[in-house]
Participant: 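One structure is given below, represented as structure tokens, and several questions about it will come after.
Source: prediction; values computed, not measured. Counting starts at 1 for both ligands and their atoms, following the listed order.
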Amino acid sequence: MIPQRVNLVDVGPRDGLQNEAQALSAATKIELVHRLQAAGLKDIEVTSFVSPKWVPQMADNAEVMAGITRQPGVRYAVLTPNMKGLEAALLSHPDEVVVFGAASETFSHKNINCSIAESLERFAPVVAAARAAGVAVRGAISCAVGCPFEGTVPAQAVGEVARSMRAMGVQHVGVADTIGVGTPRQVQAAMEAALAHYPIDAVSGHFHDTYGQALANTLAALHMGVWQFDTSVAGLGGCPYAKGATGNVATEDVVFMLRGMGIDTGIDLDALIDAGVFISQALGRSPVSRVATALLKKRAAA
Ligand code: HMG
Ligand code: MG
């Protein structure tokens, strides 16, 4: 059942940097994207076309997209919550746009200022217009196991959002543990709910590591045959509207685990660690990756 090849989407430039108090220059963000693609990442979530009043960290979205020297075979994704975001995003020619909904009503209101039903109504024209423009569409389902406001989220709520997304033409759905509270069986139940509406090749996991469960949850999803995951270089990440949630599982940690299991990701771990050091230094801290920390110590000792 365990896949032989896994695709990782590095969401660090978006999920990671949206949550940083410290402003980074567009040039630093562009350099991060360049380092990620040089390390072998084929999917990078670059930025989001959201309201700059809500998330000022992503206000330089168009500048960052314009500054990237695109590498053939690499897909660049951006978040688009509504038509205004999509229209702005299309000018930057992303390969994929992401509509982001939630399985929790309260989180939906806090994050995108509308109910789940309203968000789905808003997404429908975004999905149609993106697909008409030849751009792939991914959907994210936040709070798929737990919500900072409502607590445990039933898998059924994930299934309902997945069903609606499928019906409107969203091609791929990401099951997101926004606050990193999920444990393997809960994550498997949320995945199963999404898999009731999408084939295995169109479902990914997006696990924040707040409670240190993300690698275990990744392994649990792998055992179901899921082979696509969002991860974040140096363990960057968080959501400004999910207080206390820390970063996504570090890309370095997932690559190390998969490599040890004989699963190919096409990613050069050393180059990835260097990318993590680059962005962590820009933020004035060390990478939040156990693997990076261990291998950097080993390098220093050699
Ligand atoms: P709203 O205030 O309800 O929007 O926000 P509105 O339509 O009423 O418009 C209000 C103002 O925002 C207007 O400007 C609009 O033009 C502007 P004004 O007339 O006041 O000057 N506006 C926009 N500006 C730029 N780009 C846009 C846009 N839309 C409206 N796209 C809205 C609704 C969705 C815009 C807002 O709530 C928002 O931007 N939220 C984004 C929150 C966010 O980015 N959260 C983090 C990403 S999600 C995440 O991290 C989870 C994920 O990682 C998975 C997981 O871990 O769970 C994906
Ligand atoms: Mg996230």
Participant: Taking a hydrophobic cluster as the set of Ile, Leu, Val, Met, Phe, Trp and Tyr residues connected by side-chain heavy atoms closer than 4.5 Å, whether directly or through intermediates, do Val288 and Ile279 fall within one such cluster?
Facilitator: no

Participant: Under 4.0 Å from atom 6 (P) of ligand 1, is there at least one protein heavy atom?
Facilitator: no

Participant: Does the protein place any heavy atom closer than 4.0 Å to atom 19 (O) of ligand 1?
Facilitator: no

Participant: Which heavy atom of the protein is the closest neighbour of atom 29 (N) of ligand 1, given with residue, atom name and distance?
Facilitator: Asn82 ND2, 2.8 Å

Participant: In the protein, what heavy atom is nearest to atom 51 (C) of ligand 1, and what distance, to one decimal place, separates them?
Facilitator: Ser142 OG, 3.6 Å

Participant: Can you tell me which residue and heavy atom of the protein come closest to atom 21 (O) of ligand 1, and the distance to 0.1 Å?
Facilitator: Lys53 NZ, 3.2 Å

Participant: What residue and heavy atom of the protein are closest to atom 32 (C) of ligand 1, and at what distance?
Facilitator: Ile112 O, 4.3 Å

Participant: Salt bridge or not for Arg35 and Glu31, using N-O below 4.0 Å?
Facilitator: yes

Participant: Is any NZ, NE, NH1 or NH2 atom of the basic residue among Asp230 and Arg138 found under 4.0 Å from an Asp or Glu carboxylate oxygen of the other?
Facilitator: yes

Participant: Please report which non-hydrogen protein atom sits nearest to atom 46 (C) of ligand 1, along with the residue it belongs to and the distance in Å to one decimal place.
Facilitator: Gln18 OE1, 3.4 Å

Participant: Could you check which of Leu86, Val50, Asp15 puts a non-hydrogen atom nearest to atom 26 (N) of ligand 1?
Facilitator: Val50

Participant: What residue and heavy atom of the protein are closest to atom 58 (C) of ligand 1, and at what distance?
Facilitator: Arg14 NH2, 3.3 Å

Participant: Any idea which atoms of ligand 1 are less than 4.0 Å away from a heavy-atom of Asn111?
Facilitator: 37 (O), 40 (N), 41 (C), 42 (C), 43 (C), 45 (N), 46 (C), 48 (S)

Participant: Taking 2.8 Å as the limit, list every protein N, O or S atom around the Mg ion (ligand 2), by chain and residue number.
Facilitator: Asp15 OD2, His206 NE2, His208 NE2

Participant: Under 4.0 Å from atom 9 (O) of ligand 1, do we find at least one protein heavy atom?
Facilitator: no

Participant: Closest non-hydrogen protein atom to atom 3 (O) of ligand 1, residue and atom name please, with distance?
Facilitator: Asn113 ND2, 2.8 Å

Participant: Got a protein heavy atom sitting under 4.0 Å from atom 53 (O) of ligand 1?
Facilitator: yes

Participant: Between Asp15 and Ser232, do the side chains contain a donor N or O and an acceptor N or O under 3.5 Å apart?
Facilitator: no

Participant: Nearest protein heavy atom to atom 22 (N) of ligand 1, by residue and atom, and its distance?
Facilitator: Lys84 CD, 3.6 Å

